Structure formats: C-alpha cells, structure tokens
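In what follows, a single structure is set out as structure tokens and then discussed.
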Amino acid sequence: MKQRQWDLIVLGATGFTGGLTAEYLARSAPASLRWALAGRSRARLEDTRKRLTAINGQSTELGLLEVNLADAEHLAALAKSTAVLITTIGPYTRLGEPVVAACARAGTHYADLAGEPEFVAKMIAKYDALARAQGAKIVNSCGFDSIPHDYGALFTVRQLPNVGPIEVRGYVRVAGTFSGGSWHSAIYALQRWRETRSALAAAPRRRRSTRRVGRIAPRIYRVKALGRWACPFPTIDAQVVMRTAWGLADYGPDFRYGHYLLVKRLPKLLATLVGAGGIAVGAQFRWTRDMLLGLREPGAGPTEAQRERGWFKVSFIGRGGRSTVMTCVSGGDPGYGDTAKMLAEAGLCLACDGDRLPDRVGLLTPVLALGDALFPRLERAGIHFEVLSA
C-alpha cells in the first residue's frame with residue numbers, strides 16, 4: 001500500500017458530513033499525509049478545496065477525484081489508488097455496496113458511517129471472505145453509530161473481572177440536530193424493515209464456541225442510579241457491541257448487553273415512543289414517506305452554532321462477579337461534529353504507520369479493526385472515557 005498514490009481518500013467530501021470530515025482532516029491530519037477528496041461533481045470538489053485552503057494553506061495540494069459510483073471499473077481504479085478510503089455517501093443500503101466491493105477486491109482499508117443493519121449484514125455475508133483473502137479491513141459504523149458504544153462497552157468490561165458472566169447496559173443521552181442526509185437514510189431504513197429482518201436472519205451463523213454472547217431482554221424501567229427512564233433503543237449499536245464481544249476474550253465466557261435511550265420523565269418517554277412509531281408507520285406508505293422525506297433536503301444540516309450546542313453522554317453500568325462499575329463516554333455534537341472526528345480518526349488510524357493495529361482483516365467492528373490504537377486518538381479529539389464509580 002505504500003506504493004499507492006494516496007494514503008487516504010474522503011469519498012463524499014462535497015456532502016454535509018463528508019465536508020465536516022474533510023475540514024477536520026485539514027486541521028488535524030499530519031502534514032505528511034497524502035490525501036484526496038472524491039465526489040460526483042468536480043465543481044463542488046473545487047469549492048470544497050477552497051474552503052479547506054482557508055483552514056490550512058497546504059490544502060491547495062489536495063487531489064480532486066471525480067467519481068461515477070455506477071461505473072465498477074472507475075470505482076476499482078479509485079480503490080487501487082489509495083491505502084484507505086472513507087465514505088460518507090448514503091443511504092449505504094442503496095449506494096454503499098459497490099464501494100465496499102471495490103475496496104475488498106483491491107485490498108484497500110475502508111471506513112464508513114453506516115448505521116443500517118441490513119447493509120452491514122449483507123456486506124458481511126458477501127465480502128468478508130474476499131476482504132480477508134485480500135488483507136483489507138472493512139470497518140462499518142465509524143461515527144456516533146457506533147464508536148462510543150463499541151469502545152465504551154470495551155472500556156467498561158475492562159474494569160470488571162472476566163472469570164464469570166458479565167452484564168453491561170448502555171444508556172444514551174443526546175442533544176443534536178439531524179441533517180437531511182441522515183433523515184433520508186433513517187426513513188429509507190425504516191421503509192425496509194422486512195429486508196433488514198431477512199438480512200439479519202440470513203447472516204452467517206457463529207461457529208460453536210464455549211463462550212456465549214447475547215442481548216438482555218428489552219423492557220422499559222427506571223434507572224435509579226441515573227435518575228431517568230430507560231427505553232430499549234433499537235439502533236445498530238447493540239449488534240456492533242455483541243459482534244466485538246464474540247471476537248475478544250475481554251468480555252468473559254458469558255456476556256450480555258442491553259442498549260437504551262434515557263429520558264428524564266415518563267410522559268416524554270411515552271411521547272417519544274408514539275412519535276417514533278408514527279414515523280415508522282409513515283415510512284411504509286409512499287405518500288406519507290414522501291411527506292416525511294420532504295421535511296429535510298439531502299445535503300442540508302445544522303449550523304455551526306447548532307452543532308456547538310450539541311452533546312452526547314453514554315453511561316454504562318457493568319456487573320461481573322461481585323463487582324459493579326459505572327462508566328461514561330461523552331463528547332460534543334453527536335450527529336455531525338463528533339461523528340466527523342470519529343470517522344476521520346478511524347481513517348487516520350488505518351492510514352498511519354505509527355498506529356499498531358490488530359492483525360484482523362475482513363468485515364470488522366471498530367474495536368476489532370482498530371483495537372486500542374483509537375483510544376488516544378478519541379481522547380485527543382475531545383471524546384472522553386471516565387470511570388464514575390466502582
């Protein structure tokens with residue numbers, strides 16, 4: 001890979017989240033990094049480069065690569081030109097597979113922001129063996145979905161003895177604003193719930209093992225230690241945590257995980273459930289789906305002032321043996337500011353020779369792909385890991 005033209009390419013750099021990722025790299029990437037911007041419009045790429053040049057004068061040297069996502073040969077050449085490709089172009093279920101396929105075939109490391117269980121399950125089934133054969137790390141869910149949860153669970157279990165069963169619950173609190181692209185991806189995923197269920201059911205079965213990994217039975221309850229109500233949170237995060245748990249002995253011989261949204265008052269929780277249910281039902285019918293999609297335009301996103309007000313806090317309560325521990329992962333704007341940081345740092349982790357990564361290759365979770373090397377990068381980026389009580 002050292003002989004390739006680029007160390008890292010940002011695909012989707014002209015979009016909202018892709019642009020924020022490129023801005024973060026312009027501020028934080030080492031001067032020696034050979035990186036480029038890729039997207040569907042040359043004119044918009046040039047506009048993005050001008051914006052980055054105002055941040056870092058060296059950005060005038062950035063390569064600009066116009067990409068036709070429908071052209072397999074074009075994507076193959078793109079993948080072969082770089083050691084690492086990070087992509088923000090979604091919905092991934094509709095647009096992501098050709099990029100994964102090109103990187104798996106070229107032995108190119110890859111990172112995305114996919115929070116779509118259908119897409120991730122299908123990519124594992126179709127490309128894991130190829131990526132392993134070619135030595136590529138294909139890493140999904142490198143944003144708020146699911147780095148804080150994946151690394152937070154690992155941080156928590158490491159505070160516990162792993163000689164017996166371990167149980168961890170993650171509790172999510174967020175304040176932030178959706179972009180148009182994320183809104184469209186969410187509606188698209190809700191529309192395809194049947195396809196998602198089928199993809200998960202068809203996922204490759206685990207080989208027999210003496211270890212066990214499972215999900216804590218979902219229920220709504222009050223968490224006294226946090227002073228809030230917890231509601232099962234059906235995001236991809238729990239699946240990512242459990243995939244990691246299957247791969248690491250740190251999680252003990254018997255690991256269970258539960259993932260929840262925290263709400264202060266029960267009436268607000270009930271209103272949230274009703275609202276989410278209404279959106280899920282509306283996504284199934286064309287006229288209501290079109291109405292929902294029309295609420296936000298793709299490419300639009302929160303202002304800088306709105307992002308500065310955003311924050312997230314994921315609390316974990318872990319139990320193992322006679323020990324109980326409470327930990328916390330916290331940061332800024334979850335959807336965009338810190339998601340861009342996480343994706344960029346994951347890409348730098350894959351691209352930089354100084355980071356000692358696990359030998360694993362294939363379709364991987366962030367923890368399985370990047371290991372401990374990402375912890376200090378996240379801390380430097382303002383994402384904090386704390387033990388609150390033990």
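In this chain, numbering begins with 1 at the start of the sequence shown. These numbers come from the heavy atoms of this one structure, side chains and all, not from hydrogens, waters or symmetry mates. Values in this document were obtained by computation on a predicted structure and should not be read as measured data.
A salt bridge does not link Glu66 to Arg40: none of the charged nitrogens lies less than 4.0 Å from a carboxylate oxygen. In this structure, Glu345 does not pair ionically with Lys341, as no charged nitrogen and carboxylate oxygen lie closer than 4.0 Å. Salt bridge annotation for Asp254-Arg211: absent, with no cationic side-chain nitrogen under 4.0 angstrom from a carboxylate oxygen. We find that Arg377 and Glu379 are not joined by a salt bridge, their nearest charged nitrogen and carboxylate oxygen being 4.0 Å or further apart. Between Lys50 and Glu46, no side-chain nitrogen of the basic residue sits less than 4.0 Å from a carboxylate oxygen of the acidic one, so the salt-bridge criterion is not met. Between Asp47 and Arg49 there is no salt bridge, since no side-chain nitrogen of the basic residue lies less than 4.0 Å from a carboxylate oxygen of the acidic one.
Taking the ring pair (Phe, Tyr, Trp, His ring centres under 6.0 Å) definition, one finds that Tyr92 meets it with Phe119, sequence neighbours left out. Take Phe233 and apply the ring pair (Phe, Tyr, Trp, His ring centres under 6.0 Å) test, not counting sequence neighbours, and it matches His259. For Arg286, the side-chain contact (heavy atoms from CB on, under 4.5 Å) partners at least two apart in sequence or on another chain are Arg289, Asp290.
Taking the six-membered ring where the residue is Trp, the centroids of His149 and Phe316 are separated by 6.0 Å or more.
Under the 30°/60° scheme for interplanar angles, the aromatic rings of Phe255 and Tyr257 are found to lie parallel.
Distance alone, capped at 3.5 Å, is enough to place a donor-acceptor pair between the Thr88 side chain and the Gly12 backbone.
Thr244 and Asp150 are linked by a side-chain donor-acceptor pair at a separation below 3.5 angstrom, with hydrogens and angles left out of the test. With hydrogens and angles left out, the side-chain atoms of Thr156 and Thr327 include a donor and acceptor closer than 3.5 Å. For the residue pair Glu116 and Thr93, a side-chain donor N or O sits within less than 3.5 Å of a side-chain acceptor on the partner. Side chains of Arg34 and Thr82: no donor on one and acceptor on the other come within 3.5 Å.
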Go through the steps to decide whether Glu23 and Arg51 satisfy the test salt bridge (Lys or Arg N to Asp or Glu O under 4.0 Å), and finish with yes or no. CA-CA 8 Å; Glu23 289 178 16; Arg51 189 172 76 248; 2.8 Å; yes
Taking it one step at a time, do Thr108 and Arg4 satisfy side chain to side chain donor-acceptor pair (under 3.5 Å)? CA-CA 10 Å; Thr108 298; Arg4 298 190 179 190; 2.6 Å; yes
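Counting heavy atoms of neighbouring residues, nucleotides and ligands inside a 6.0 Å radius, atom CZ of Arg222 exceeds 12 of them.
Relative to the six-membered ring of Tyr24, Arg27 misses at least one condition, a distance below 6.0 Å or an angle of at most 45° to the axis.
Taking hydrophobic clusters as Ile, Leu, Val, Met, Phe, Trp and Tyr residues chained together by side-chain heavy-atom distances below 4.5 Å, Leu343 shares a cluster with Leu374.
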